[in-house]
Amino acid sequence: MAATGVCLFPGRLPSVIRHEFTSSSSSSSSSSSSGKSKFNPISIPSRRLAAVSTDHTPTILTTVNNQTGGSSGNDAHTTTTSAAAEKKRWPGQEDQEELDAEEEDALLSLTDFFEQAKDFVTSNGGGVGPPRWFSPLHDGGSRLNNSPLLLFLPGIDGTGLGLIRHQHKLGKIFDVWCLHIPAKDRTSFTDLVKLVERTIRSEHHHSPNRPIYLVGESLGACLALSVAALNPDIDLVLILANPATSFGKSQLQPIIPVLQVIPDSLPISLPHILSSITGVLVANLEKGLGLPLPQTVEKLSRDLAASTTYLSVLADILPRETLLWKLQMIRSASPYANSRLHAVKAQTLILSSGKDQLLPSQEEGERLQRTLANCEIRMFENSGHFLFSEDDFDLVTVIKGTGFYRHSRHRDYVSDYIAPTRSEVKNVVDSNRWLSIATSPVMLSTLADGKIVRSLAGIPSEGPVLFVGYHMLLGFELAPMVTQMLVERNIHLRGIAHPMMFTKLREGRLPDISNYDTLRVMGAVPVSGSNFYKLLSSKCHVLLYPGGVREALHRKGEEYKLFWPEQSEFVRMAARFGAKIVPFGAVGEDDIADLLLDYEDQMKIPFLKEFIEEITDEAAKVRVGYDGEVGNQDVHFPGIIPKVPGRFYYYFGKPIETQGRKQELRDREKAHQVYLEVKSEVEKCLAYLREKRENDPYRSVFSRLQYQAMHGFSSEVEIPTFEL
């Protein structure tokens with residue numbers, strides 16, 4: 001099996017800027033009709049039932065009390081929500097309409113957080129009562145089948161509303177419960193640990209094969225780490241934003257003695273929190289300046305007006321005595337969690353902000369990554385402490401990009417995959433816009449009657465379809481091809497990729513796998529026979545480069561030369577499922593860059609040779625046992641010199657049918673004949689394009705700019721090319 005080459009898309013996926021929120025269809029209350037969260041308590045019944053349903057049947061609430069047995073003597077108040085039978089489905093392409101429907105809903109902002117926090121305080125006994133779980137998704141909705149449980153553990157505010165910008169999108173793929181700690185509650189940190197521990201043990205008992213997600217911010221991250229340390233036998237997934245395990249180095253420390261001596265009559269809030277909130281407001285405003293002027297003015301007016309109410313609402317959420325209690329709790333929670341980090345075995349994702357004014361989160365994230373047994377980190381350089389509240393942060397996209405979404409102990413790259421939403425596709429298209437502008441791709445395909453057309457009309461709509469072709473230097477051809485397939489035909493290509501884009505054998509000098517988050521969002525899978533089998537059996541459109549890394553990292557003078565192994569496994573696998581094989585060629589790499597320092601050159605330079613050997617050892621091996629150049633999978637970074645851009649050309653040949661040939665192609669000789677046919681067609685596609693592009697009057701970027709100056713720079717303006 002060969003692998004997709006070095007890089008599917010350049011750089012990291014930009015954060016999605018659209019956030020979903022579905023207002024309730026119920027008219028029973030003003031809060032539900034306005035799309036606000038309703039306090040829906042949840043219990044831990046003998047069998048957990050989904051809190052939402054596809055037909056929006058009204059829920060039935062039942063109240064239960066669980067004794068904490070802790071030193072505080074508080075009861076953990078919980079209730080359950082049962083609903084009509086929900087539709088059972090696994091996540092994947094068929095769920096795309098549901099996820100995309102969220103894109104049309106209203107954005108929730110920091111203002112909504114404070115409004116709903118105020119409602120929580122006034123509607124629940126003025127902030128009294130024990131900690132409790134609640135579901136933010138009061139209006140129902142359909143989750144994917146067998147959705148994992150996600151428990152949100154709040155930060156210093158304790159409201160449990162920290163995921164307000166993400167809750168509806170999360171609710172499509174998780175069963176979301178949020179922990180609410182009332183403002184006047186004085187449950188100790190250790191009793192909170194016991195409360196969460198009882199919850200996960202109960203849920204694990206009833207669904208032992210499903211993971212439980214603990215999403216915590218600040219104080220909630222300490223809580224999640226502590227629970228995970230005490231329960232290494234339970235399959236937990238931790239997603240921690242700016243953990244307060246670094247509280248010993250925090251600017252909040254000096255506030256504690258000040259709060260202890262300030263008179264009760266003097267109203268006070270937390271200056272650092274206010275400055276962070278202001279930072280969120282300013283950052284979100286800056287990121288909104290790209291909007292049309294009327295929308296920018298409206299956003300500015302709305303946010304500035306709302307900011308004047310923050311102080312009074314903060315006083316309700318965090319009165320002086322509560323603020324002091326929470327800071328003291330964090331001061332004890334931090335060493336409690338730190339002393340148990342060695343026992344944490346859970347899969348962990350640390351989300352660290354680069355401009356956190358409350359905690360040294362970036363430094364702490366790196367420390368935790370080194371300390372924890374199974375930990376990854378993602379940095380957000382321009383974000384502040386309240387990461388979940390920022391406009392350009394999308395938690396679901398991060399979970400998908402890091403490959404952290406799964407239904408069982410081990411991730412299945414096919415059944416656990418969730419297709420990209422429209423906003424995610426838009427971000428990928430936008431991030432590669434300049435490459436598309438510079439190369440102005442020409443896409444040709446072949447109709448059933450053999451006619452070549454300038455469009456993708458010849459690409460089969462129904463899967464399974466296997467695309468087999470030539471890999472340009474560094475995979476330059478991938479981004480325009482994959483995005484154009486989505487935009488023009490709504491065809492989602494799922495690439496078979498080198499395993500180094502998913503895991504490293506050890507830490508070293510290879511690029512961090514966070515650089516390939518876009519690849520995971522777009523559905524690439526690590527090369528393996530089982531993944532190939534699952535993709536075709538799921539009727540996907542699969543992208544395969546038999547030349548793999550050797551082709552994508554070719555040497556001088558080897559452009560447009562195929563490095564395919566003499567094996568026909570992909571033909572037999574395609575025949576097993578009756579997949580159509582689409583051979584294709586792509587040319588243009590020699591029109592955008594010259595190869596200055598190739599593999600042979602670098603191996604003659606001692607320190608570069610050592611570097612190549614080091615990073616090759618870090619990467620997982622493919623094609624073990626192959627001899628010659630086909631088996632040479634050494635990883636290196638070729639030195640290239642950019643050129644004045646030419647143009648990219650793609651030619652998809654006539655699909656080769658394998659339907660009904662399963663028995664025939666079990667014969668290795670006959671399968672090899674089809675393999676040679678596919679390889680020959682790819683070479684013909686390359687030769688056709690290299691010859692025809694010589695007659696393209698708009699091959700040069702200058703001639704294309706001149707044409708666009710006369711006819712407009714809109715993406716709808718198609719720049720002519722050679723005659724077909």
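Keep in mind that what you see is a predicted model, and the values were worked out from it rather than measured.
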Is it true that F393 and H166 have ring centroids separated by less than 6.0 Å?
yes
Centre of Y417's six-membered ring, under 6.0 Å away, within 45 degrees of the axis: is that where NZ or CZ of R494 sits?
yes
Might you point out which heavy atoms bring A497 and F502 nearest each other, and give the distance in Å?
CB-CE1, 3.8 Å
Flag the pair R520 and D517 as a salt bridge only when some basic side-chain nitrogen lies within less than 4.0 angstrom of an acidic carboxylate oxygen.
yes
How far apart are the C-alpha atoms of L562 and E683, what are their side-chain angles, what is the distance that settles it, and do they pass the side chain to side chain contact (heavy atoms under 4.5 Å, CB included) test?
CA-CA 8 Å; L562 303 185; E683 290 172 335; 3.6 Å; yes
Sub-4.5 Å side-chain heavy-atom contact between V571 and T658:
no
Checking side chain to side chain contact (heavy atoms under 4.5 Å, CB included) for the pair D412/R406: CA distance, chi angles, key distance, verdict?
CA-CA 7 Å; D412 187 309; R406 53 187 173 89; over 6 Å; no
Check step by step if side chain to side chain contact (heavy atoms under 4.5 Å, CB included) holds for E559 and L595.
CA-CA 10 Å; E559 59 270 14; L595 188 52; over 6 Å; no
Could you tell me which residues satisfy side chain to side chain donor-acceptor pair (under 3.5 Å) with E589, sequence neighbours excluded, listed by chain and number?
Y470, H554
Establish, from distance only, whether the side-chain atoms of R572 and S568 form a donor-acceptor pair under 3.5 Å.
yes
Could you state the interatomic distance from CD (Q484) to CG (N432), rounded to the nearest 0.5 Å?
12.5 Å
Strictly distance-based, threshold 3.5 Å: is any side-chain N or O of S537 a donor or acceptor partner for the main-chain N or O of K534?
yes
side-chain hydrogen bond (donor to acceptor under 3.5 Å, both in side chains) pairs, two or more places apart, involving residues 453-469
S461-R489
If we ignore hydrogens and angles and just use 3.5 Å, is the side chain of E477 paired with the main-chain N or O of A586 as donor and acceptor?
no
Q706 atom CD, neighbour heavy-atom count above 12 within 6.0 Å:
no
Roughly how far, to the nearest 0.5 Å, is the CD1 atom of I581 from the CD atom of E657?
10.0 Å
Supply the atom-to-atom distance L456 CG to M485 CE, rounded to the nearest 0.5 angstrom.
5.0 Å
Does the side chain of P638 reach to within under 4.5 Å of the side chain of L473, using non-hydrogen atoms?
yes
Hey, what's the ring geometry for F570 with W564, parallel, tilted or perpendicular (30° and 60° as the breaks)?
perpendicular
Do the rings of F652 and Y650 sit parallel, tilted or perpendicular, given the 30° and 60° boundaries?
parallel
Contact summary for L466 and A574, nearest pair of heavy atoms:
CD2-CB, 4.3 Å
For the atom pair CG (L351) and CE (M379), what is the distance rounded to the nearest 0.5 Å?
10.5 Å
Does the R411 side chain pair with the main chain of Y413, one donor and one acceptor, at a distance under 3.5 Å?
no
Would a distance-only check, ignoring hydrogens and angles, find a side-chain to backbone donor-acceptor pair under 3.5 Å from S431 to N427?
yes
Is there a side-chain contact between Y516 and P511 (heavy atoms, below 4.5 Å)?
yes
Would you name the heavy atoms of L478 and H471 that are closest together and state the gap between them?
CD1-CE1, 3.7 Å
Any side-chain to backbone donor/acceptor pair from S538 onto C540? Under 3.5 Å, distance only.
no
Can you tell me how far apart CG (L170) and CG (L395) are? Round to the nearest 0.5 Å.
5.0 Å
How long is the straight-line distance from CD of Q708 back to CD1 of I437, given to the nearest 0.5 Å?
7.5 Å
Of the non-hydrogen atoms in D512 and N515, which two are nearest, and what is the gap between them?
O-ND2, 2.9 Å
Salt-bridge present (E558, R550; N to O < 4.0 Å)
yes
May I ask you to decide if F648's main-chain N or O and T439's side chain share a donor-acceptor pair within less than 3.5 Å?
no
pair L689-L444: side-chain heavy atoms closer than 4.5 Å
yes
Side chain to side chain, P148 and H407, heavy atoms closer than 4.5 Å:
yes
Side chain to side chain, N531 and V527, heavy atoms closer than 4.5 Å
no
Ring centroids only, cut at 6.0 angstrom: are H711 and F713 within range, meaning strictly under it?
no
Under 3.5 Å: donor-acceptor pair, side chain of H541, backbone of P460
yes
So, for A438 and R704, which heavy atoms are closest and what is the spacing to 0.1 Å?
O-NH2, 2.5 Å
Given D590, D598, D601, the one that forms salt bridge (Lys or Arg N to Asp or Glu O under 4.0 Å) with K556:
D601
Can you name the one residue among E677, E681, K684 that meets side chain to side chain contact (heavy atoms under 4.5 Å, CB included) with P583?
E681
Can you list the residues that meet the side chain to side chain donor-acceptor pair (under 3.5 Å) rule with E376, with sequence neighbours excluded?
R378
Shortest non-hydrogen contact between V396 and I173, atoms and distance
CG1-CD1, 4.0 Å
Between R647 (side chain only) and S440 (backbone N and O only), is there a donor and an acceptor less than 3.5 Å apart?
yes
Can you tell me if CD on E694 sees more than 12 non-hydrogen neighbours from other groups inside 6.0 Å?
yes
Would you indicate whether the side-chain heavy atoms of M481 and L543 approach each other to under 4.5 Å?
yes
Is the ring pair H672/Y675 parallel, tilted or perpendicular, if the boundaries are 30 and 60 degrees?
parallel
Using side chain to side chain donor-acceptor pair (under 3.5 Å), reason through T721 and D696 one step at a time and then give a plain yes or no.
CA-CA 5 Å; T721 186; D696 184 358; 3.1 Å; yes
Is there side-chain contact between V465 and I459, with heavy atoms separated by less than 4.5 Å?
no
Counting N and O atoms only, with roles assigned by atom type, does the side chain of R509 sit under 3.5 Å from a partner on the main chain of E507, one being a donor and the other an acceptor?
no
Y688 pairs by side chain to side chain contact (heavy atoms under 4.5 Å, CB included) with which of R690, K692, E691?
K692
I'd like to know if the side chain of D594 and the backbone of L596 have a donor-acceptor N/O pair within less than 3.5 Å.
no
Start with the C-alpha distance between Y599 and L553, add both sets of side-chain angles, then the distance that settles side chain to side chain contact (heavy atoms under 4.5 Å, CB included), and finish with yes or no.
CA-CA 8 Å; Y599 174 80; L553 300 178; over 6 Å; no
